[in-house]
Amino acid sequence: AQSRVVVIGGGFAGASCARALKQEDHNLAVTLVEPQTLYTACPFSNEVIAGLREIEAQQFTYDGVRRDGIEVVHQAATGVDHAARRVRLADGAEIEYARLVVAPGVDLRFDAIPGYSETAVEAMPHAWKAGGQTVLLRRQLAEMADGGTVVISSPPNPFRCPPGPYERASLIAHYLKLSKPKSKLIILDAKDQFSKQRLFQAAWQELYPGLIEWVSLSMGGRVTEVDPSTKTLITEFGNHEADVANVIPPQRAGAIAAMAGVADQTGWCPIDPVTFESKLQPGIHVIGDAAIGGAMPKSAFTANAQAKVCAAAVISLLRDRKPAEPKLINTCYSLVAPDYGISIAGVYRPKDGLLAEVEGAGGTSPLSAPASVRAAEAVYADSWFRTITGEVFA
Ligand code: FAD
């Protein structure tokens, strides 16, 4: 029988991997399992929240993936039979695999903050999976009166897109400054440090003086409970009543990872850094946000880079060849304003069973730079988004 690789999840990780598998070996049968027919990308969704872009600019079909000869099945995977090497789908069908790639992204932990739940997201949107939640947060901001208080609660590590909450705060501040200048924004943080912190804080002082207040963990930033009926966020140091509350809860790998037996007690999936094969289940690989194993941040850039390395390793393993030692790159752009971009980059390679950052190979934008440098980075961010979504979905 022809060997088939099944990929669960058609996001940046899974769709990239399915395409890379087909590109490496056109005769390989590849099935992509993804319940949604339209993918809504998170990168640049903070621009939608700030009213700078429409949600449609974030949405992509699977027509391009299908054109490569990949079978796309719009079903959710509901289980994995390891002995028979079969994936079960929501409609009861089963697909046999020679190797399986699991790429379901993250799930929000609704058990982590008392008061927060799957219904509380209507009053206090997370907007951490792009789509209806993104549009809802946008609408709540548009409807807020001038002089209102916006509160963002930022989760502990690890989570999807480490600079994301701070880019969001920046772009919301941009909107408030122009449209509702008497308003303020508070970030309640479960951490004492965050990605590109010095760059963000310097930019806030320059562009939005007095508008953004960041409350660190040590200053009482960790949200311990919420009350959606009054939009109150409770911390050990007191209560914050919001007009608009954006609660970004702690996260874990998408539920199918646990069902497939590839998630550990942390909720994330430990992997071999050369092949992305699960450390818990042979024959199953995990890539993207769901995977954990070292220093790589959870980003679309990372997901795409891991997908290519994983595809090459899967092909090598199917041919009984030794997979090559990879080097992976990540770059994360953030917009502080539409014409003000900053970035962080890193290079990673396997070391002692983990993906370790190569010392001195990465870095961030310079702390002080002329406006032209910030404007150029905003242009790079935009072209990065167009390039990656083109590569993954077009
Ligand atoms: P996802 O993109 O979430 O894809 C997972 C897919 O799996 C989904 O389509 C889902 O429907 C599917 N799935 C889940 N369960 C099942 C199942 N049981 N069966 C079948 N399919 C299933 N990254 C950057 O690089 N740059 C940025 O500027 C950036 N900005 C961001 C801004 C925000 C506000 C946010 C929230 C994120 C941002 N990110 C950014 C991070 C980026 O969106 C994620 O890291 C990336 O989407 C991870 O890709 P993934 O494929 O692992 O997960």
Side-chain angles (χ1 to χ4, degrees), residues 6-18 31-50 58 60 62 72-80 87-90 95 100-108 126-131 133-134 137 152 154-155 158-169 171-172 195 246 248 251 253-260 268-269 286-291 296-307 310 329-335 341-345 380-382 384-385 387-389 392-393:
V6 176
V7 181
I8 297 176
F12 282 100
S16 300
C17 190
T31 302
L32 180 64
V33 179
E34 163 62 54
Q36 305 186 72
T37 54
L38 201 61
Y39 177 76
T40 307
C42 286
F44 276 78
S45 66
N46 287 331
E47 287 219 337
V48 177
I49 291 165
Q58 300 297 111
F60 302 89
Y62 290 93
V72 183
V73 179
H74 288 302
Q75 285 288 322
T78 54
V80 175
V87 174
R88 269 189 305 280
L89 306 183
I95 316 173
L100 174 64
V101 179
V102 175
V106 297
D107 267 0
L108 304 165
H126 54 76
W128 217 242
K129 291 191 179 194
Q133 278 277 298
T134 313
L137 183 54
I152 297 177
S154 186
F159 65 104
R160 156 176 290 182
C161 195
Y166 314 96
E167 177 189 69
R168 176 171 294 177
L171 292 178
I172 292 176
S195 177
N246 170 214
I248 307 167
Q251 294 147 39
I256 187 65
M259 293 182 226
W268 303 103
C269 306
V286 186
I287 52 173
D289 285 357
M296 275 194 103
K298 300 186 182 303
S299 74
F301 199 118
T302 288
N304 175 262
Q306 293 183 345
C310 177
I329 298 176
N330 174 63
T331 307
C332 278
Y333 293 100
S334 300
L335 294 175
I342 54 177
S343 63
I344 182 164
Y380 302 153
D382 188 65
W384 167 77
F385 182 77
T387 305
I388 193 165
T389 53
V392 180
F393 295 106

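Index from 1, following the sequence. Ligands are counted one by one from 1 in listed order, and the atoms in each one are counted from 1 as well.
Of all the heavy atoms of Trp384, the ones lying under 4.0 Å from any atom of ligand 1 belong exclusively to the side chain. Using a 4.0 Å cut-off between heavy atoms, Phe385 makes no contact with ligand 1 at all. Looking at Ala103 against ligand 1, only its backbone comes within 4.0 Å, counting heavy atoms. Under 4.0 Å from ligand 1, the heavy atoms of Asn46 that appear belong solely to its side chain. Contacts between Ile256 and ligand 1 below 4.0 angstrom, taking non-hydrogen atoms only, involve the side chain exclusively. When non-hydrogen atoms are compared, ligand 1 lies under 4.0 Å from the backbone of Ser299 as well as from its side chain.
Of all protein heavy atoms, the one closest to atom 40 (C) of ligand 1 is Pro43 CG, 3.6 Å. Shortest contact from atom 24 (C) of ligand 1 to any protein heavy atom: Ala300 N, 3.3 Å. Shortest contact from atom 6 (C) of ligand 1 to any protein heavy atom: Glu34 OE1, 3.5 Å. Of all protein heavy atoms, the one lying nearest to atom 45 (O) of ligand 1 is Asp289 OD1, 2.8 Å. At the top of the distance list for atom 32 (C) of ligand 1, counting protein heavy atoms only, stands Cys42 O, 3.5 Å. For atom 2 (O) of ligand 1, the closest heavy atom belonging to the protein is Tyr39 OH, 2.5 Å. Atom 51 (O) of ligand 1 has Ala13 N, 2.8 Å as its closest protein atom, hydrogens excluded (heavy atom only). Given atom 28 (O) of ligand 1, the protein heavy atom at minimum distance is Tyr333 O, 3.6 Å.
Here the side chains of Leu171 and Ile49 are not in contact, with every heavy-atom distance at 4.5 Å or above. Trp268 places a side-chain heavy atom less than 4.5 Å from the side chain of Pro158.
Note that SG of Cys42 and CD of Gln133 are 11.0 Å apart. Values are rounded to the nearest 0.5 Å.
For ligand 1, the atoms lying closer than 4.0 Å to a non-hydrogen atom of Arg168 are 34 (C). Near Ser45, the atoms of ligand 1 lying under 4.0 angstrom from a non-hydrogen atom of the residue are 34 (C). For ligand 1, the atoms closer than 4.0 angstrom to any heavy atom of Pro35 are 20 (C), 21 (N), 22 (C). If you number the atoms of ligand 1 from 1 as listed, the ones under 4.0 Å from a heavy atom of Ala303 come out as 49 (O).
In this structure, Arg88 has no salt bridge (charged side-chain N to carboxylate O under 4.0 Å, His left out) partners at least two apart in sequence or on a different chain. The ring pair (Phe, Tyr, Trp, His ring centres under 6.0 Å) test applied to Tyr39 returns Phe12, Phe393, not counting sequence neighbours.
When only interatomic distances are considered, the shortest N/O to N/O separation between Phe12 and ligand 1 falls below 3.5 Å. Residue Ala77 places at least one N or O, backbone or side chain, under 3.5 Å from an N or O of ligand 1. Checked by distance only, ligand 1 and Gln36 come closer than 3.5 Å through their nitrogen or oxygen atoms.
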- Task: Give the intermediate values and the outcome of side-chain contact (heavy atoms from CB on, under 4.5 Å) for residues Phe44 and Glu167.
- Result: CA-CA 10 Å; Phe44 276 78; Glu167 177 189 69; over 6 Å; no
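Pairing each heavy atom of Pro43 with each of Trp384, the nearest pair is CB-CZ3, 3.8 Å.
Heavy-atom distances between Gly254 and ligand 1 stay at or above 4.0 Å for every pair.
Arg160 and Asp107 are not joined by a salt bridge, as no carboxylate oxygen comes within less than 4.0 angstrom of a charged side-chain nitrogen.
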